[in-house]
Structure formats: C-alpha cells, structure tokens
Participant: 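Dumping the structure here so I can ask a few things about it.
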Amino acid sequence: MRGFIGVLGALCFFSAAVFADPTPTVQWTYRCGSEIYSSPVVVDITDEPGREILITSNTERRVICLSAAGQVVWTYDQFSLRVTSTPTVADIEGDGRLEILVATRSDGIVWLSSLGERIRQVPVTGGIAWGNVSVANASPGQRPTLYWISRKGFLDSRQADGALNWSYRADEPGPHGSPAVGDLNGDGVEEIVVGGGVGSLRCLDSSGDERWRVRGMAPFQSGPVIADLNSDSKVEVMAASDDGLLFCIDGDSGAINWTHRTSTGRVDSSIAVGDIDGDGAREVFYGDGSGNFYALNCSGEELWYFDAGDWIESAPAIGDVDGDGGIDILVGAGNGTLYCLSSAGELKWKFDAGRRISASPTLSDCNEDGLVDILIPSHNGTLYCLSAGGAWDSTKILWPCKRYDLAQTANVAVE
C-alpha cells in the first residue's frame with residue numbers, strides 16, 4: 001500500500017507539473033499618470049542592489065527611473081511636449097559613467113546623468129516624434145558617435161559632446177524609424193541604415209556618403225535591423241514598409257535578397273531576429289497593423305503566423321522565460337494583451353495589460369534573483385513586472401528589448 005501511495009503521489013505531482021496554470025505571476029506594478037509608449041530600459045546606474053528601469057510617461061512629460069522592486073529612484077520632467085521615445089543608455093563621455101539620451105518632439109536630444117540631472121541639450125529642428133538615438137562604438141574606452149533622424153528628414157552624426165560631424169537630408173519631412181548602426185561590409189567601420197517618409201531605405205558610410213538605396217512603394221517607418229541571418233559572415237538588413245512588405249537586403253551591395261508581404265496592413269512594429277530552433281540560422285519576426293504576427297526563416301519562407309486580434313506596434317522579445325528549454329516569443333497588441341508563443345507559434349499564455357500595448361516587452365533579471373523578469377508597459381499607465389518562473393540564462397535571451405541593446409543599434413551581426 002505504501003508503494004502504491006508513493007506511485008500515486010508521484011503521478012499526482014507529475015500531473016500538477018504538466019497541467020499547471022501557465023499564466024505568469026505579477027511580481028509588482030508601477031502606476032504613472034499617463035500612457036507609456038517607451039519600452040522599458042534595464043540598466044545598472046546606481047549603487048543600490050539590482051538593476052534600474054527607465055520608462056517615459058507620455059503626457060506627464062517625465063522620464064522615470066525605478067528600482068528593481070518598482071520604486072521611484074528619480075524623475076526628470078523638464079520637457080515642453082509629451083515624451084514617446086525609448087531612452088538610449090551609453091558611456092557617452094568616456095568617463096566610465098553611463099548617460100541617458102532622450103529624443104523629444106520639441107526639446108531636441110536631452111542628456112541626463114545616471115542621477116537624472118540634465119547634462120546638456122542639443123536642438124533638433126523639427127524634433128523627433130517616435131525615433132531614438134543610436135550610438136556606435138559604445139564600448140568602454142572608445143569615443144562613441146551618435147546618430148538620429150528628425151521629422152524634417154535630416155540624419156545627424158554627432159560627437160560625444162553633441163557637436164555636429166555631418167548632416168544628411170535623408171528624405172522629405174515626415175515620420176522616420178530609428179537608425180540601425182553596424183559594420184555591413186567587414187571593414188571595421190560602421191554604416192548607418194535609415195528609412196524614409198517617401199519610400200526609400202538608405203545606407204550611409206560613417207562620413208555621411210550614400211552607399212546604397214532601396215526604393216519601395218511606401219514609407220519605411222518600422223526601423224531597420226542588422227543581422228547575419230544564415231551564419232555565412234555576410235550581413236543582411238531587414239526593413240519593412242507601410243504597404244506591408246518586408247525586405248531582406250544584402251548589407252554590402254544593397255541588393256534585395258527576398259521580400260515577404262503581409263496579408264493586410266502597414267508595418268509599424270520594429271523587427272526582431274533570433275535562432276529559435278538552434279540550427280545556426282536566425283529567424284525573423286514582425287507584426288502588422290491588422291494583428292498578424294509572422295515568423296520567417298532566413299530565406300524569407302513563412303514558418304507560421306499568429307493572429308493577435310489587433311494592431312501590433314511593438315517588436316517582440318525573444319528568450320526562454322519559463323525555463324522549459326524552449327525559446328519563447330512575447331509580443332503585445334493594441335487590444336492590451338501580451339501573448340507568449342512557443343517557437344512553433346503556439347499560444348502558451350496571455351496576459352491582459354488593461355489597455356493598448358504599443359511598447360516592446362523587455363526581458364531581464366532586474367533584482368538579480370536568478371529568474372527572468374518580463375516588463376511590459378500599457379496605455380493605462382501601468383508598468384507590469386511579470387514572472388513565468390524561468391531561470392535567467394543569458395544564452396537563451398535572443399532579443400531582450402526593442403532595439404536589442406542599450407545603445408539602440410538594432411545590430412546582432414556583432415556576435
């Protein structure tokens with residue numbers, strides 16, 4: 001009888017483990033006074049335990065720094081218009097301390113210290129509506145270069161103190177996606193890829209000279225991504241246009257390798273890539289304005305798609321969040337739902353964030369407890385910190401945040 005009970009207990013434990021509720025738990029929430037467009041940025045910028053979290057509160061016109069437990073460390077609120085951009089973080093001054101750069105609609109680029117104090121402000125004619133600053137050579141000991149594109153269509157290259165290197169008229173006035181920065185031809189020097197408002201994608205060298213241009217039938221606003229998709233040491237650029245067409249482009253020549261068209265709807269969301277099946281090639285992920293979310297292989301063939309039911313504005317986050325060894329894909333939608341999909345595109349769980357999600361989720365171990373934290377902001381003004389119970393393993397986190405890294409380069413070809 002004792003052996004039978006032991007077997008029965010083991011079976012009950014196995015059943016509970018297999019059929020446990022997969023819904024993540026809410027670790028904490030932070031409620032600000034307006035909708036959150038920015039994706040959370042996780043970085044260690046204080047001497048306190050854990051990592052801090054940066055978000056912007058839109059109509060409150062605030063940058064907020066939170067502790068790993070969701071408590072306010074500092075705020076900065078000296079903006080004249082609402083703030084929608086995701087902050088960029090890098091050691092701009094080369095002094096071993098991190099700075100925070102916030103792109104704004106009317107106040108140009110605002111430099112903040114790690115304590116939330118303004119260091120300087122660089123005017124940007126026309127402002128930056130939705131983009132952010134991208135930083136090249138953000139490694140310690142190197143003098144970085146800053147890139148951004150304004151609503152007037154000027155792509156600026158700036159020195160670490162904000163002084164102008166050059167300015168390139170990329171396109172007519174209008175919304176523009178964030179630049180991607182990386183070495184596209186293997187010469188050790190960065191190139192800059194930026195979309196335009198009248199249907200063109202441009203690649204410039206570090207001197208501001210145009211290297212190639214791809215013309216489409218609609219504006220490129222989603223923000224390009226740089227990656228070596230098939231591990232052949234050749235770099236590709238992925239970018240999507242407002243008519244629902246995704247381009248994969250040879251980074252050196254600008255030749256179009258392949259395209260993929262959505263069923264309906266424009267593409268506002270940033271793109272993400274990651275090798276989710278361990279075959280040595282990266283898959284490509286993006287969503288459209290009709291709520292269709294796509295997974296493509298490195299050749300552009302559609303592996304699966306998921307119907308999120310509403311507009312997808314955000315890039316997904318990609319990584320093992322529940323500790324089962326498989327790679328998960330997390331994406332938010334306009335209906336306020338965060339979806340967690342398996343590598344095969346099956347729904348594992350979903351979380352109701354209350355209102356529209358336009359920001360990308362961020363994966364981190366904020367409090368350094370060894371578990372994955374899932375950060376997701378909502379238009380109800382709440383930042384949620386969720387846990388699905390998975391152990392933190394950086395090798396299983398393939399795309400942790402909106403533009404991949406703190407410098408907002410959208411470049412995974414450096415690995």
Side-chain angles (χ1 to χ4, degrees), residues 20-32 36-44 50-55 64 66-71 86 269-270 272 274 276 285 287 293 306 308 312-343 345-406:
D21 185 358
T23 304
T25 57
V26 178
Q27 303 299 295
W28 52 261
T29 62
Y30 171 76
R31 185 68 181 266
C32 61
I36 306 171
Y37 281 94
S38 68
S39 298
V41 174
V42 180
V43 59
D44 189 2
R51 297 178 175 90
E52 285 68 46
I53 303 147
L54 301 171
I55 57 171
I64 304 167
L66 302 174
S67 71
Q71 303 298 314
T86 296
S269 71
S270 190
I276 62 172
F285 303 89
F293 183 72
F306 177 80
I312 298 174
E313 296 178 82
S314 66
I318 305 172
D320 181 6
V321 300
D322 55 16
D324 66 356
I327 300 299
D328 307 303
I329 302 99
L330 291 90
V331 62
N335 55 16
T337 303
L338 176 70
Y339 298 95
C340 179
L341 309 176
S342 72
S343 59
E346 300 163 335
L347 179 64
K348 297 181 72 171
W349 51 260
K350 58 184 180 180
F351 176 80
D352 182 8
R355 285 186 62 192
R356 172 181 162 195
I357 298 172
S358 59
S360 299
T362 294
L363 307 180
S364 182
D365 180 9
C366 300
N367 58 4
E368 299 178 333
D369 65 351
L371 299 177
V372 178
D373 297 313
I374 304 166
L375 298 168
I376 184 69
S378 168
H379 277 229
N380 65 6
T382 303
L383 174 67
Y384 299 89
C385 179
L386 312 178
S387 175
W392 176 261
D393 180 354
S394 61
T395 65
K396 293 292 185 71
I397 306 297
L398 308 184
W399 193 274
C401 53
K402 180 182 178 182
R403 300 290 287 166
Y404 182 68
D405 55 20
L406 295 175

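Everything numeric here is computed off the predicted structure, so don't read it as measured data.
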Participant: Between Ser378 and Arg356, is there a side-chain donor-acceptor contact under 3.5 Å, judged purely by atom types and distance?
Facilitator: no
Participant: Measure the spacing between CG of Leu66 and CD of Glu52 and express it to the nearest 0.5 Å.
Facilitator: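 These two atoms lie 9.5 Å from each other.
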Participant: Report yes or no: does Trp28 contribute a side-chain atom to a donor-acceptor pair with the main-chain N or O of Tyr30 at less than 3.5 Å?
Facilitator: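 Judged by distance alone, no pair lies under 3.5 Å.
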Participant: Where is the tightest heavy-atom contact between Ala353 and Asn380, given as atom of each residue plus distance?
Facilitator: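 Nearest heavy atoms, Ala353 then Asn380: O-ND2, 3.0 Å.
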Participant: Identify the two heavy atoms, one from Ala315 and one from Lys402, that lie closest to each other, and give their separation to 0.1 Å.
Facilitator: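 Minimum heavy-atom contact is CB-O, 4.0 Å.
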Participant: Can Lys348 and Asp324 be counted as an ion pair, charged N to O under 4.0 angstrom?
Facilitator: yes
Participant: Do any N or O atoms from the side chain of Asp322 and from the backbone of Gly390 form a donor-acceptor pair under 3.5 angstrom?
Facilitator: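 Flag not set: sc Asp322 to bb Gly390 has no pair under 3.5 Å.
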Participant: Would Lys396 and Ile327 count as a side chain to side chain contact (heavy atoms under 4.5 Å, CB included) if you check the C-alpha gap in whole Å, the side-chain angles of each, and the deciding distance to 0.1 Å?
Facilitator: CA-CA 7 Å; Lys396 293 292 185 71; Ile327 300 299; 4.0 Å; yes
Participant: Using every non-hydrogen atom in the two residues, find where Cys340 and Asp328 come nearest and quote the distance to one decimal.
Facilitator: SG-CB, 3.8 Å
Participant: How far apart are the C-alpha atoms of Ile53 and Leu375, what are their side-chain angles, what is the distance that settles it, and do they pass the side chain to side chain contact (heavy atoms under 4.5 Å, CB included) test?
Facilitator: CA-CA 9 Å; Ile53 303 147; Leu375 298 168; 4.1 Å; yes
Participant: What distance separates Leu341 CG from Trp349 CH2, expressed to the nearest 0.5 Å?
Facilitator: 9.5 Å
Participant: Between the main-chain N or O of Thr86 and the side-chain N or O of Ser38, is there a donor-acceptor pair closer than 3.5 Å?
Facilitator: no
Participant: How close do Val321 and Ile374 get, counting heavy atoms only, and between which atoms?
Facilitator: CB-CD1, 4.0 Å
Participant: Ignoring hydrogens and geometry, is there a side-chain-to-backbone donor-acceptor pair from Ser39 to Ala359 under 3.5 Å?
Facilitator: no
Participant: Determine whether a donor-acceptor pair (N or O, by modelled atom type, separation under 3.5 Å) exists between the side chain of Tyr339 and the backbone of Ala308.
Facilitator: yes
Participant: Step by step, would you call Val372 with Asp365 a side chain to side chain contact (heavy atoms under 4.5 Å, CB included)?
Facilitator: CA-CA 5 Å; Val372 178; Asp365 180 9; over 6 Å; no
Participant: Do Ile329 and Phe285 have side-chain heavy atoms sitting under 4.5 Å apart?
Facilitator: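 Touching, per the 4.5 Å side-chain cut-off.
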Participant: With rounding to the nearest 0.5 angstrom, report the OG to CG distance, Ser343 to Asp320.
Facilitator: 10.0 Å
Participant: What closest approach, in Å, do Pro400 and Ala317 show between heavy atoms, and which atom pair accounts for it?
Facilitator: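 Between these two residues, the closest heavy atoms are O-CB, 4.2 Å.
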Participant: Quick one: does Phe306's side chain get under 4.5 Å of Glu346's, heavy atoms only?
Facilitator: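 Phe306 vs Glu346: side chains apart.
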Participant: Let me confirm one number: the OH-OG distance from Tyr404 to Ser270, rounded to the nearest 0.5 Å.
Facilitator: 13.5 Å
Participant: Go through Glu368 and Trp392 one step at a time and tell me if the side chain to side chain contact (heavy atoms under 4.5 Å, CB included) criterion holds.
Facilitator: CA-CA 9 Å; Glu368 299 178 333; Trp392 176 261; over 6 Å; no
Participant: Identify which one of Leu330, Ile376, Val42 satisfies the side chain to side chain contact (heavy atoms under 4.5 Å, CB included) criterion when paired with Thr362.
Facilitator: Val42
Participant: Under the 3.5 angstrom rule, does the side chain of Arg51 hit a backbone N or O of Asp44 as a donor-acceptor pair?
Facilitator: no
Participant: For a quick test of reading the model, state the closest non-hydrogen atom pair linking Gly332 to Ile357 and the distance between them.
Facilitator: CA-CG2, 3.9 Å
Participant: Kindly say whether Ile397 contributes a backbone atom to a donor-acceptor pair with the side chain of Asp393 at under 3.5 angstrom?
Facilitator: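 No: the side chain of Asp393 does not pair with the backbone of Ile397.
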Participant: Quick one: pull up CD1 in Ile64 and CD1 in Ile55 and give me the separation to the nearest 0.5 Å.
Facilitator: 4.5 Å
Participant: Report yes if the side chains of Leu338 and Val331 come closer than 4.5 Å at any heavy-atom pair, otherwise no.
Facilitator: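 A side-chain contact under 4.5 Å is absent here.
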Participant: Between the main-chain N or O of Cys385 and the side-chain N or O of Asp373, is there a donor-acceptor pair closer than 3.5 Å?
Facilitator: no
Participant: Within the structure provided, determine whether Trp399 and Leu363 are in side-chain contact (heavy-atom separation under 4.5 Å).
Facilitator: no
